[in-house]
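Chain letters run A, B, ... following the sequence lines, proteins first, then strands; residues in each count from 1.
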There are 2 protein chains.
Amino acid sequence: MNEGNTNNLGRIIKQQRITLPLTLQELTAKSGVSSSHLGRIERGERFPSAHVLRKIAGPLGFEEDELLILAGYLSSQPHRIAEESLGYGSGRIDPYVAKVLAQEPVEVQRSVIGILSILKSISKSATKEYSTT
Amino acid sequence: MNEGNTNNLGRIIKQQRITLPLTLQELTAKSGVSSSHLGRIERGERFPSAHVLRKIAGPLGFEEDELLILAGYLSSQPHRIAEESLGYGSGRIDPYVAKVLAQEPVEVQRSVIGILSILKSISKSATKEYSTT
DNA sequence: ATTATAATTTGCCAAATGGCGAATGTCAAG
DNA sequence: CTTGACATTCGCCATTTGGCAAATTATAAT
């Protein structure tokens, strides 16, 4: 879990807190993370979850992702999507389909995809049955 | 811990794994995360740490941060993959949805839209019934 | 149908996270 | 020096994560 032993994260957090300045208890009040936990984080005895990092980032004046990057949870360089699996199929979305779908909330879009995958698996097993009869 | 009860993350991961296709064990081999853990994540029994998410993102063909965002660890705007929650008419297609759909032939894409519209009309009449109570 | 083989799920457990309250440390005022 | 008010650290422990191995379920093959 600990990657590299130098506890960069803890020192950075502590320094920022001191500079502001804030006490652990004040930071607790603003972030909702217990002061004991914060203290242990600062001196490298605990490795905070992404959740906790996000809670304290704001009160410390960090960008929300900044601490995640410093903690090594997030790689700073942007990656492009790997399209290894795009071998078959048209590789693009029909414009009409795109237009209709774009009008739906994202969660509906996702549900649609879910239904599609169910139908595909059904049709696969159905095909198999017929072919062996 | 669990934010929102719908286990989007698990479904997305599972679906992507199936689509590739990969077995849990193969994904284990590529990611170094045990298959039992992966299984539990897919069905929402475990909430993966950012660390684990980063390990499996690559083998699944996701951008490294993409899963973190989907998991709600990251609300960031660098790529702003998912600003769902914005309810209606996002006006755009979720990149993940686009990716999956683009793998299908156009006629399948159109069929999907057709099914969607049927479901919408069904749900509309159902809603009407409720509202008159 | 039966067996073999691969894939998924479950039971169990070690290790880590993170909170609460007590103990300890720090420092200014008397 | 002593007291009192804060700040920090420690002890303890409930909860979770995540791995290993056994059990179960699905998939082929004969």
* Structure fact -> In B/S/- notation (B base, S sugar-phosphate only, - none; protein heavy atoms under 4.0 Å), nucleotides 7-14 of chain D written 5' to 3' is BBBBBB--
* Structure fact -> For Lys30(A) and Pro59(A) the tightest heavy-atom approach is O-CG, 3.7 Å
* Can you list the residues that meet the salt bridge (charged side-chain N to carboxylate O under 4.0 Å, His left out) rule with Arg46(B), with sequence neighbours excluded? -> none
* dG18(C) phosphate, OP1 or OP2, under 4.0 Å from Ser49(A) side-chain N/O -> yes
* Structure fact -> Rounded to whole Å, NE2 of His51(A) lies from P of dT16(D) at a distance of 13 Å
* Within 6.0 angstrom of Glu26(B) CD, more than 12 heavy atoms from elsewhere -> yes
In residues 32-39 of chain B, what donor-acceptor pairs under 3.5 Å come from side-chain atoms, sequence neighbours left out?
residue  : atom : partner  : partner atom : Å
Ser34(B) : OG   : Ser36(B) : OG           : 3.4
Ser34(B) : OG   : His37(B) : N            : 3.3

* To do: Measure the distance from CD1 on Ile41(B) to P on dT8(C) and round it to the nearest whole Å.
  => 14 Å
* **Gap between atoms CG and P, on Leu27(B) and dT9(C) respectively (whole Å)** => 13 Å
* In one Ile/Leu/Val/Met/Phe/Trp/Tyr side-chain cluster, 4.5 Å: Leu20(A), Phe62(A) -> yes
* To do: State whether Arg17(A) and Glu42(A) are salt-bridged, where the test is any N-O pair (Lys NZ or Arg NE/NH1/NH2 against Asp/Glu carboxylate O) under 4.0 Å.
  => yes
